[in-house]
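Just so it is clear: chains get the letters A, B, ... in the order the sequence lines come, proteins before strands, and each one is counted from 1. Fair warning: this is a prediction, and the values are worked out from it, not measured in the lab.
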Amino acid sequence: MKVNITETTDTCKKINWDDMLDSELLDTIPTNKELKGNNTILDKGLHNKNVIHENTGQKRKSKNTELKVKKVRSDSNEEIKQQVPTETCKQGNNKNNHFRKQKYTKAIKNWLSNLEPPTEDITDLDNIVNDSKSSVDIIQQNTHNSHKEKLVIEKTSKTNKKVVQAQLANKDGIMKFSKPQPNAEDTKNINEAVETKPKEKKVKKFVAPIKSQIPVKDITYELHTLDEDNLDDHREGLHEIINIEIIAVLIYSNGFCQLNSHHTDGTCTPDGIIVNSDDMFYCFKGAGQKIKEALKCLLENNTVICYGAQNILSYLKTHLQMDRINPKIYDAKIGASLLEPDNPPENFSDVQKLLSFSAQYTVATECTLQKAAWYMSLLKQCWAKLYAMLAEDNLWKVFVEIEMKLLPIIAGMECRGLCIDMSKLKSMEEVLLNRMKAVEQQCYKAAGKVFQINSAVQVRAILYDELQLDAKCNVRIRETLCKGAKSTSETMLRSLMNEHPLPKLIMEYRHLHKAHATFLAGIAQHIKDGVVRPTWVQTAAATGRIASNNPNLQAIPKAPFDCVMFPEAGDTDNSQLMFRSIYVSRPGFSLVAADFRHVECRVFAHAAADAGLLRALADHPDLFRALAQHWLKKPEAEIVPEERERTKRLVYASLYGAGTRKLMEILDVDYQQALQVAASFNSSAADLCKLAMILSEEQLRTSSPPVDAHLLLQIHDELVWEVNDLHVDRAAAIIKQAMEGCGQWCGMTVPLPVAISTGKDWGSMQTLEN
DNA sequence: CTAGCGTCA
DNA sequence: TATGTGACGCTAG
């Protein structure tokens, strides 16, 4: 475990669970509406007539963090001026903007090269960056043409310069052209939602850094490209590679490898895999039978060091159909992000920086394979350093026992993907679009004319110029920052709601449109052959949780979606949509979901060793339901899931909020430290969930007779499996046992009950009593 | 209270 | 024309 739970036991002992659930909370359970209102009021910083008690501390805190954020920002701004472009994106907060920023800079470069004939310096600068961070000349050159404000090229004429700057600074174009989305886009059939393929880019050529301060060595690595025909010539050499550490790196179709992957984008497909042992480099290409066997042998008989193992595994699985390969892997990328979880390195050069490692020499070569070999030699040295650092920080065990074991599981999830019921998706889309059309017509009727509801400009014109609603309501409309135009944001619409039906309708339209864009069309664009394969990122979250994107299946609404926002008396159309029900199991399979019951609550209880909370957890099978029953003074049977959910929110909010403040008092530490302690509960729980994945997967694999089960989803504390219909009961028992056992595995004194439910689609799962 | 991602203005 | 930005929506605990 990343955090030693027992270590915190003494320090938090004094926290009293009863205090946290004191009478104050009883008085302040707000209705749903009030809760929402409070939130927005607090967020907007407007009148706080109904402020939640004791929020001064919270306010102070949020100010603190704000300040911190600002500080980080300004620091990184300083950095931007000094650093090379691949590093400009290393902002603590916006770590995920990296990719987009890269695309942006790329676009600018392309655009610039249209202005004037491209020189090799420009197109190849990024290559050099990695090799020669210390090279002053190159850094200067790079700073010129990469940062958007400094983007000036000497040769460019003044007029061009102005055009460039105006465009990049986005002086006046920002909202001017906000194109009203044609409705055709909405009604577009899902089948047609095919992702647009960017144009083929020209293959960049590697040019050795000339002004680099790193000495250039004239090395040629012994590199053999193996394919089906010449494999036999090297068989002897390959057979000798056993029980040692080898390095494996993917090479992409454009000639770059994983270690300089800032040149690759979605269009690059893996093209081969280079394996290095001692001084020999073998590049395996193609997917012939012999290649597969040799590669499999090589990987399984050795310890594999790599960078971005997930890509390698998915390459092996999809291109080479090696389904059940499970080599012993050490992934430097994950290791490095373990060292610095708050600010995980984005690419290999970040890793080098993190390890304060710099290359001793570089190679002059035009051959991309040689280049890759050079990078691999760097990786080898980095790994040695990384290993030492992980061991020093006591992270080695976590790395090997949890993260590396998780790797193949996640790769498996990504590979398998989740089946989509296309007909259901289409019918839901139809319902939603019909509803949208109805709202649209009502809008036109209310406005007295046809306009584009999605266009802020047109809405603004109608609301304020034609109907003069702001004057009627006597509300001052906040003005937007850029143009001083009147805002059409939701809060403003809400304040105009009672005066005219139109704002209400616009809000509803936006609501529907967003739901459609996110959960139907947004999902649809990721569907390939009826299967959606999200990317699972092991290193994204600072808390150690796993995140999903493209699409983010962890954020599909659980509650049914109401098509009608403001039910009216005469309105009979109260159809509800379950966005989760479009996810189905394959024929002959069922979905099995296993859910920890309030993990973090239990981790907290264990860490704080709080008798009251422990007792409460032991007494009630469902703590939140019991609490809701108590607070709302209702019989347990009448507690609807919505109320339970709200109670849960409240409990966690007070648990963390009150918990942190109390920690601060008791430990007599400042807010940051107390936050850290609280965050450690988070990561403990995250590790617990990871462990659950590993253990249950292990149990299922080793069970006899074998169980046909595949992990599909991980929603933090919920695991969703796809299990052969014949094995459901057995699999459920194994999963339950494994998951409940993992509490003991890491010394938890609290039992960890697990709820299992099964069903054919994700929307309608029935609890499985067992 | 914390952490993610995606959409929109 | 396409991008960056912060607010807010959803999720999870």
Side-chain angles (χ1 to χ4, degrees), chain A residues 36 39-40 43-44 52 55 57-58 61-62 65 69 93-97 100-101 103-105 107-108 111 148 167-170 173-179 181 342 454-457 459-460 480-483 485 487-492 510-511 513-519 521-523 534-535 537 540-559 561 579-580 595-604 624 645 648-661 663 674-675 678-686 688-689 714-718:
Chain A
K36 263 202 163 153
N39 279 341
T40 43
D43 289 347
K44 296 284 165 196
I52 299 171
N55 75 343
Q58 291 167 16
K61 186 243 135 196
S62 62
T65 46
V69 168
N93 291 20
N94 313 334
K95 54 194 169 206
N96 292 319
N97 289 340
R100 278 197 271 181
K101 283 194 181 173
K103 258 170 63 184
Y104 183 54
T105 23
I108 290 168
W111 190 71
K148 52 180 181 182
Q167 291 221 354
L168 293 175
N170 200 359
I174 195 148
M175 285 290 165
K176 213 157 132 190
F177 298 112
S178 60
K179 177 178 61 178
Q181 289 280 332
D342 293 331
N454 272 335
S455 158
V457 184
V459 168
R460 189 154 36 229
T480 48
L481 296 168
C482 52
K483 295 285 285 183
S487 165
T488 57
S489 66
E490 173 131 7
T491 45
M492 290 304 129
R510 283 185 184 166
H511 181 69
H513 177 82
K514 187 171 176 176
H516 174 253
T518 317
F519 303 116
I523 298 289
T535 324
V537 196
T543 47
R545 282 181 174 180
I546 301 169
S548 135
N549 61 17
N550 296 309
N552 181 3
L553 289 187
Q554 291 175 320
I556 307 293
K558 193 189 230 174
F561 177 84
F579 288 127
R580 286 196 175 187
D595 194 317
F596 274 124
R597 291 203 175 280
H598 15 71
V599 224
E600 264 175 269
C601 219
R602 285 168 197 276
V603 171
F604 191 91
F624 300 127
E645 222 49 39
K648 186 171 115 184
R649 282 269 161 84
L650 198 67
V651 168
Y652 275 115
S654 53
L655 191 70
Y656 283 105
T660 317
R661 277 204 307 281
L663 274 178
L675 270 185
S680 71
F681 301 138
N682 266 318
S683 47
S684 299
L688 203 68
C689 296
Q714 194 261 26
I715 307 109
H716 305 126
D717 77 325
E718 183 183 358

Separation between CZ of A/Arg602 and CZ of A/Phe681, rounded to the nearest 0.5 Å: 16.0 Å
Residues which pass side-chain hydrogen bond (donor to acceptor under 3.5 Å, both in side chains) with A/Glu600, listed by chain and number, not counting sequence neighbours: A/Arg545, A/Tyr656
Salt bridge (Lys or Arg N to Asp or Glu O under 4.0 Å) partners for A/Arg510, two or more places apart: none
is_close_aromatic(A/Phe604, A/His598), centroid dist under 6.0 Å: no
Phosphate contact (C/dA12 OP1 or OP2) by A/Lys558 side-chain N/O below 4.0 Å: yes
A/Asn550 vs A/Arg545, nearer the 5' end of DNA chain B by closest nucleotide: A/Arg545
Nucleotide nearest A/Glu600 when distance is taken to its side chain, options B/dT7, B/dA3, C/dG13: C/dG13
Which nucleotide in B/dT7, B/dG4, C/dG13 has an atom nearest any side-chain atom of A/Ala542: B/dG4
A/Ala517 side-chain proximity, nearest of B/dG6, C/dG13, B/dC8: B/dC8
Side-chain N,O (A/His513) to OP1/OP2 (B/dC8) below 4.0 Å: yes
Closest-nucleotide ordering on DNA chain B, the 5'-leading residue of A/Ala653 and A/Val537: A/Ala653
Closest to the A/Lys648 side chain, choosing from B/dT7, B/dA9, C/dG13: C/dG13
Closest to side chain of A/Ala555, choosing from C/dG13, B/dC8, B/dG4: B/dG4
